[in-house]
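Worksheet for the structure shown next.
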Amino acid sequence: MSLAVTSLRELAQIQHYYGFRYVLNPSVHEQIFDKLKLSKTYPKLDKLKVLDLYPGPAQHSAIFNNRYRPAQHVLMDMRPDFVKHISGLLEQDKTDKPAMQLYRHDPYDWKSYTDLTDADKILVPPRKGPEAIHDEFLIMANLTGMIGEGLFMQWLACIGNRNWLQRFGRVKMLVWLQECTAVKLLAKPGDHLRSKCSLVTEAFTDTKLVATMSNKKTGTSNFSEDLMAEHQPVMFSPQDVWLPSGKPLSLLEINPRDHRIDLDNFDYVTKHLLILKSTPLYESLDSLGHGGKEYFRQVIKDQNLLEKCPKNLTLSDFLYCTELFDKWPFKPDIYLDFIDVFQDND
Amino acid sequence: MLRCSRSCYRFHGVKRLIGQLRPLSQTAFLKKPSMNYYGLESGPSNDDIGFLKSSVVSMAPGFGTFDNAQAAAQAGESRNIMNLWSLLEACLHSGYMDRAFSILRSLYNLKSYRASFIDDYNKYLTKFAENATDLKTVDKKLFEDLQKTFPAVDYNDKTLAILIHNAIKLSDSKETRSKHCETYLRMAVSGYRGILSNVEVLTIQDYRTLLHDLGLIEVHDLPAELGPIVVASGVSPEGTEEPKRTAGGTHGITGMAKDSPEFAFDNEIKTVAKDAKELLAVDTIGMKVVRHTLLGLSLTEEQRKQVKDFNFETASNLLNFEEGQSNIDFFEIHRTLKTDEERESFAKALDEFNQDRQHQLEHRATDAAKERWRHDFEEAKARGDLSIQKKLNVKLWDWFNQMLPLVKEEVKRCAEVANHSVQDGSLSAKEKKQNKAREDYGPYLTLVDPEKMCVITILELLKLNSTGGVIEGMRTARAVISVGKAIEMEFRAELLLKNEAHVFKDIKKNSHVFKLLVQRARNTFRSMKIEESKILWPQEARAKIGSILISMLIHVARVRVEGTDPLTQEKIQGEAPAFSHGYQYHNGSKLGVLKIHRSLVHQLNGERLVAAVQPQLLPMLVKPRPWKSWNSGGYYYTQSTLIRSKESPEQVAYLKAVSDAGAIENVYRGLNVLGETAWTVNRKMFDMMSHVWNTGEPFLDIPGNQSKLVLTPQPPRDADPSVHRQWKLKNKELANEFSGGRSARCDANYKLEIARAFLGEKFYFPHNLDFRGRAYPLSPHFNHLGNDMSRGLMIFWNGKQLGSNGLKWLKVHLSNLFGFDKAPLEERIAFTESHLEDIKDSAEDPLNGKGWWKQADKPWQALATCMELNAALKLDNPCEFISHIPVHQDGTCNGLQHYAALGGDVEGAKQVNLMPSDRPQDVYSHVAKLVVARLEKAAAKGDETAEILKNKITRKVVKQTVMTNVYGVTYIGATHQIEKQLSTVFDDYKHSYELSKYLTKHVFASVRELFEGAHLIQDWLGECAKRISKSIRLDIDEKAFRNGNKPDFMSSVIWTTPLGLPIVQPYRENGKKQVATNLQTVFISDPFAVNPINARRQKAGFPPNFIHSLDASHMLLSALKCGENKLDFAAVHDSYWTHASDIDTMNVLLREQFIKLHEVDLIERLKNEFDERYKNYLQIIKIDKKADVATKIVDLRKELSQKLGRQFTLADEIYMEKKRVQLLESEDPVENGEGAEMVTTVSLLGEVEDIALLEKTSDASGIMVLAPLKLPQIPPKGDFDVKELENSKYFFS
DNA sequence: AAATTCTCTACCGACAATATCACTAAGTATTCA
DNA sequence: CTCATACTTAGTGATATAAGTAATAGAGAATTG
């Protein structure tokens, strides 16, 4: 028996969406799963555990579940309206072994995950090595809401750190994000949206644009031609999205990489250099600390590199700078790199 | 003497009459407040302490450069004009005449400022004439300019003064000189005096020429202050007599009458002192006299030796900044003098000495710093000790020397750009851009001596170390603006000095009395000069020059640093820039940061902060310049304004208007009393603190010397994100604590340093006001508003015998400082008397004794009082003790006192001691009691929450909320406060929060019950503010309608305090913009922009601000009266201080003033003022759709819409209504009739009897309509009569 | 015109985002009839 | 020589930045379709 796929009518009754948007067109989801070829990553579907974060209307969950029949499929959500909706949905599943289960915790809270895997042991993924993508665990999430971008950035950091759910191995994530976030994450050198998160994405993950919304008027997307050609994403129309108003969204497939990057220095260097992203390195390096200009001009022999602007640098350029930075005898204390704007006293 | 009317003279064809230039006097524009406004008050009366006169002035639109009624329309122009003015000034002083002229053209085109254009032109002409070599050039220039370039402008008396000065200077013969001068004098607009009053143009020599050589004027034509000086030269041109001394010379100058002095005029000094150097030279003769006087006093041998050894003639003895070096202890002399006569002559001599020192202090500060650096450098060099670990000052001297040529070069470049002597062609794009920028900041950069700019830059940056939450450095934005501001301040001071030098350039004061005379004239002159200057540099210009200078310093300043080799882990020595510009993020926003290298920071921590103390803003050695106008008062060479304006041109405009009308004299007087209170440092306390400080250990509120910030170790990479988060938080907390501790220590350091400098000195605090009229000392760091430590360091200079009541009050004071202040006076006295042993112990051995004083609420002040009391009690008759300690009398919840008086709440009044009682009432306990009563009642009904809470309620739980209630604390805010208290009892946050929410409701209700009337008034004030800030002026600018039919509201709440001070709430949306500077862009607000109102803040701020404006008035009135009664008086808002012996008198006076203040129905008066000020303003209301008027309005809108062929907008509606009102107010009966005929949406509404009946609350659907602004009715007042206060001894206690 | 979402939360003294790019308006040079 | 057009430049506005929404929650204003 397959799970019912929620109709649009039902969903219209849900009041609060907190800025989240969901694709509610089964065929789009089918196309997406066609494209993803998940059975390649997860050859033993009967062992696959899926964590579905902010599932909302859970249409995609149902479709996914019907299609792959994973060993375990946990939906984590805490928003009252959706909890109600999902509970209703799950009640229809009268089998002894329910296909999906709801875990009523806030996906924003780190504690929810330790509870899930350690305390409550609801979903316990096996630990896998760094050699390959985890083949028994998949994370799906919708982070199209207001807090989504911030949360995703933290998850990215978790991939770098190998903590959170990523401590179980290189766990694939399918994440719905606002299109503008996805654009930033996938920005290439030279793109004016090239930013720290683009570098982090590039450094820690192999990320693909799986699907994206077509522009209302032009029918094209806001991603560059190159990128569209490279990723060939599934396109869906604004009408496939609920709520009807809001910002466009995209689906990313994130495959964590095995890396050995000096995280703190990398973080410091990228953060600071990308502030003056259009200033040539020979100038912008000075903002790394006292005497930065002198030091780097001395140690960077490649004049071409010095002429480049941070936004044009490749990941390896940044890694090179990070390395040099680490070797700098007079480098500043990177752990004091913050400011208390209002040091209130009362 | 025959005087032609000016019309009979043709000056090179300039023929327009002055009358045409000023067709109407300013007052002609003033709209007379309507009769009923006067009517209610039955016209200005002698009883008016300021309110009436002032409110009438400020009610009239059309004053000043900032017209309330046209605020929005003129905002752009107003900003423009300020920038142009400041640029014009800068260009003139830099000698960029062409550029200056083109600015004049721009100014000329701003029609609304045409009236003041001639002033700007005069400035230009002055400069032009200075450079001219013959008379004709100037005449021709003036003719051409006024005839052709600026035809709509006519000259004024100042123009003529310039011409006269020029004629005297350039004429080759007496005839030409005479002819020209006579001609010019005849052209006078308002008589000879009009011309001759321009003392900043004419020199003493000029006056003398006119008076004696040419005989064109009479003595009575001269400005009063100058008369004697000018005449003197005529009487005894050769005279160089020393002033006569009274026999024995011991009484110094006392024997001389100032009005008939014998003058000395030095004819030998003919050369013009171009720069201000001469004026700065120490006045040798004056100092000799001072010294002589001092030695004539009955001094101890030691004191005599001090005076003898003291070098009065060098500027280096300004203040005692160096440890170990000792100045004369003037206080000790003052204290030990025996007779009044001696004291008086001492006071005079000291004052005279201090006049000079003050002058030096305000001027020589930067030089002094530089000299110190150089001195240390030379010394180190002599020792051959220029090694690696340089002393700080040696380093600074080094930077200074490296920076100087760069600055000079930059100044040169700027001059080149300004003179167009740069060929653009050969320059790179970058250089071109830089030159473009130079055009902007160049004029400002060339104004101040490069040496000074370097010193200022270095000092400012050192001063800003660890500010703005940066751990080792500062915010860039703050740095660039601070440096810019400091440069501007320097420029202003120099300018003033230069002008002064110009006027008095011919005078050499080799006579003592003559010098005094000149000093007096000079002070007057200075006031005039300061009043005249209205120009301030735009924030943008400040930021730009600040950034230029800072970037140069960054470039040159280097320090030795130590690093670690990444491979070998060995220590490596190196060199790095001392400053580094970078960025840090805060919540995703970038903040520009100027980092200071750690090695320098360490060095700075070890230094005493002598160098960085802002010398311009120290306490003053002489009485502050009395307040005379909105921008004249306080320091002598440093300009300060009466009100600390929050970049609100509106505030300034209102202030100017009433200031010019002379309507706030009482405010000035009150402030002057505060400024005239003489202080000195409590030496014993200083020694104590200094000792404690030097140990480096934490002690009371002085934090210890922490050397290094130690962070916690990083958790393993794969630890849970929440662990990482905690780690980050912990580190931030550590850093925060560290930098907090450091800045606290730094602050204490400043205080001690300033105190050290003023040991034994007599000093004063100049005050100004915040926008609500509360007074604050101008000097930061060390003042009586500071913390316990600051206060403990200060005593009155004058001593007064305690007397028996004084002794009692001193005891009460000590009790109060211990926090034992809620009991009757007798009990407080008893408290002190029961601790006499402790007091003795504390006073005599504060550190090693029992340290009883440390238990006090305010330990430092308590210790000071212990010492005082102990010293008094040692006398046979303690009542004869001469006491210097200020004794405080604090209002018990002063805000509520005013509210209770306004609302007439009997019980409330009683609880805040407005009514006589034998015990002081404690309003907090009373409220707690009321709350408990409520809880018990609820608990009796079975309310479980009440049951839990009912025996947890203490005074402390409700105190903060009762207190902040006056400030309009919200329900949420109060809940937090109460939760903080309850959290000590209940562990679970959720639970305690729930309880707090519940309790807050009851606390609010109880306060409301107790102060029923007061709360109605609070609500009423809030409602008024809300409606006003959501009201629409008829002549609103169309731009305000940019977002559809919803206008930007522009009216702020404005009222007049009882003393006549107009108050404009400055809360508007912040209109900050990014401004590019050399280092980065900075985000600053344009001070001249007029932004939409922030209605929320207007509403929330008005009730407390109104009350504060009342307590401020009360304070100033009390100050005034205390001044009249010869009391030394100081105040911290609602805490009034005077000598112990004068407390009784002060208490009577302050109660009288409170009664006087509240005898008038202030609320009614406020409503009248509002009704008048906001007459014809509109508001948007929602009325019932079905009402008749509603239909009519809809129909009218439709009709007009059809006529127009487009949507009939709100703007149109307002425009129509404006037309109607204009017609109605017209003098022309025809127009009047038209107005009456006219039908607008507003007039339709006017036909309805009671609009309020139609108003719809949100539920039903209605339509939005414009209605005349109507403020709610005044709530009823309770029965309390303020007269009852007269005998309430615990009112302030 | 109604509903959702955004902001602010006690007053004053008091103290502050910034880099970059796209777009527009205005000014300037160039070129062509 | 003038006009028109391309090109420059100055000024304005929008957007991204980092990355726990600080512990908390309700009223009132602002936005939005």
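Fair warning: this is a prediction, and the values are worked out from it, not measured in the lab. Just the heavy atoms: all of them, side chains too, but no hydrogens, waters or symmetry mates, feed the values below. In what follows, chains carry the letters A, B, and so on, assigned in the order in which the sequence lines appear, proteins first and then strands, with residues in each chain numbered from 1.
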Task: Shortest side-chain distance from T970(B), nucleotide among dT9(C), dA30(D), dC11(C) - done: dT9(C)
Task: Under the ring pair (Phe, Tyr, Trp, His ring centres under 6.0 Å) test, residues paired with F1083(B) that sit two or more places apart - done: none
Open item on the list: Side chain of K1030(B), heavy atoms from C-beta onward: which of dG20(D), dC12(C), dA30(D) has the nearest atom to it?
Closed with: dA30(D)
TODO: Starting from the 5' end of DNA chain D, give me the residue, K111(A) or E994(B), whose nearest nucleotide shows up first.
DONE: K111(A)
Open item on the list: Do K732(B) and F338(A) form a cation-pi contact, if we require the NZ or CZ to be under 6.0 Å from the six-membered ring centre and within 45 degrees of the ring's axis?
Closed with: yes
TODO: Summarise protein proximity over nucleotides 10-17 of chain D in one line of letters, 5' to 3': B for base, S for sugar-phosphate only, - for none, counting protein heavy atoms closer than 4.0 Å.
DONE: S-----BB
Task: Heavy-atom side-chain contact between I1107(B) and Y899(B) under 4.5 Å - done: yes
Task: N/O donor-acceptor pair under 3.5 Å between N1105(B) side chain and G1101(B) backbone - done: yes
TODO: Convert the base pairs of DNA chain C into dot-bracket notation, remembering that pairs crossing earlier ones are written with [ ] and that bases paired across to another strand are shown as |; include only Watson-Crick or G-U pairs under 3.5 Å.
DONE: .||||||||.......||||||||||||||...
Task: Nearest-nucleotide pick for R644(B), side chain only, options being dG13(C), dA19(C), dA10(C) - done: dG13(C)
TODO: Determine: side-chain N/O of S996(B) to OP1/OP2 of dT24(D), distance under 4.0 Å, yes or no.
DONE: no
TODO: Look at the side chain of Q960(B) and decide which nucleotide, out of dA25(D), dC12(C), dA10(C), has an atom nearest to it.
DONE: dA10(C)
Task: dC12(C) OP1/OP2 closer than 4.0 Å to side-chain N/O of Y1067(B) - done: yes
Open item on the list: Applying a 4.0 Å non-hydrogen cut-off, can you work out what M963(B) is touching in the nucleic acid: base, sugar-phosphate, or nothing?
Closed with: nothing
- [ ] Could you check which of dC15(C), dA29(D), dT18(C) has an atom nearest any side-chain atom of R1096(B)?
- [x] dA29(D)
TODO: Select one nucleotide: of dC11(C), dA10(C), dC21(C), the one nearest the side-chain heavy atoms of S278(A).
DONE: dC21(C)
Task: Nucleotide opposite dA22(D) in a Watson-Crick or G-U pair, distances under 3.5 Å - done: none
Open item on the list: If you assign each of W155(A) and L729(B) to its closest nucleotide in DNA chain D, which residue comes earlier from the 5' end?
Closed with: W155(A)
- [ ] Under 4.0 Å between any heavy atoms, over every strand shown, what does V1082(B) touch: base, sugar-phosphate, or nothing? Just pick one.
- [x] sugar-phosphate
Open item on the list: I'd like the P distance from dA25(D) over to dG13(C), given in whole Å.
Closed with: 32 Å
TODO: Compare every heavy atom of V1132(B) with every heavy atom of R791(B), then report the nearest pair and how far apart it is.
DONE: NH2-CG1, 3.8 Å
- [ ] Round to the nearest Å and state the distance from F771(B) atom CZ to dA14(C) atom C1'.
- [x] 12 Å
Task: L276(A), nearest nucleotide to its side chain (from dC11(C), dA10(C), dT20(C)) - done: dT20(C)
Task: Between Q1080(B) and T476(B): side-chain donor-acceptor atoms closer than 3.5 Å - done: yes
Open item on the list: If we ignore hydrogens and angles and just use 3.5 Å, is the side chain of Q1065(B) paired with the main-chain N or O of Q1098(B) as donor and acceptor?
Closed with: yes
- [ ] Determine whether any donor atom in the side chain of H976(B) lies under 3.5 Å from an acceptor atom in the base of dT24(D), or the reverse, and answer yes or no.
- [x] yes
- [ ] Using a strict cut-off of less than 4.0 Å between a Lys/Arg side-chain nitrogen and an Asp/Glu carboxylate oxygen, indicate whether R772(B) and D770(B) qualify as a salt bridge.
- [x] yes
Open item on the list: Taking any heavy-atom pair under 4.0 Å as a contact, classify F1102(B): base, sugar-phosphate, or nothing.
Closed with: nothing
Open item on the list: Need one value for G1101(B): base, sugar-phosphate or nothing, where a base atom within 4.0 Å counts as base even if backbone is also close, heavy atoms only.
Closed with: nothing
- [ ] Could you verify whether a donor N or O on one side chain and an acceptor N or O on the other, from Q539(B) and S1085(B), lie under 3.5 Å apart?
- [x] no
- [ ] Please state whether the phosphate of dA19(C), meaning OP1 or OP2, lies under 4.0 angstrom from any side-chain nitrogen or oxygen of Y583(B).
- [x] yes
Task: Under 4.0 angstrom between R725(B) side-chain N/O and dA23(D) OP1 or OP2 - done: yes
TODO: Answer yes or no on whether R1096(B) is positioned over the face of Y1067(B), meaning its NZ or CZ is under 6.0 Å from the six-membered ring centre and within 45° of the axis.
DONE: no
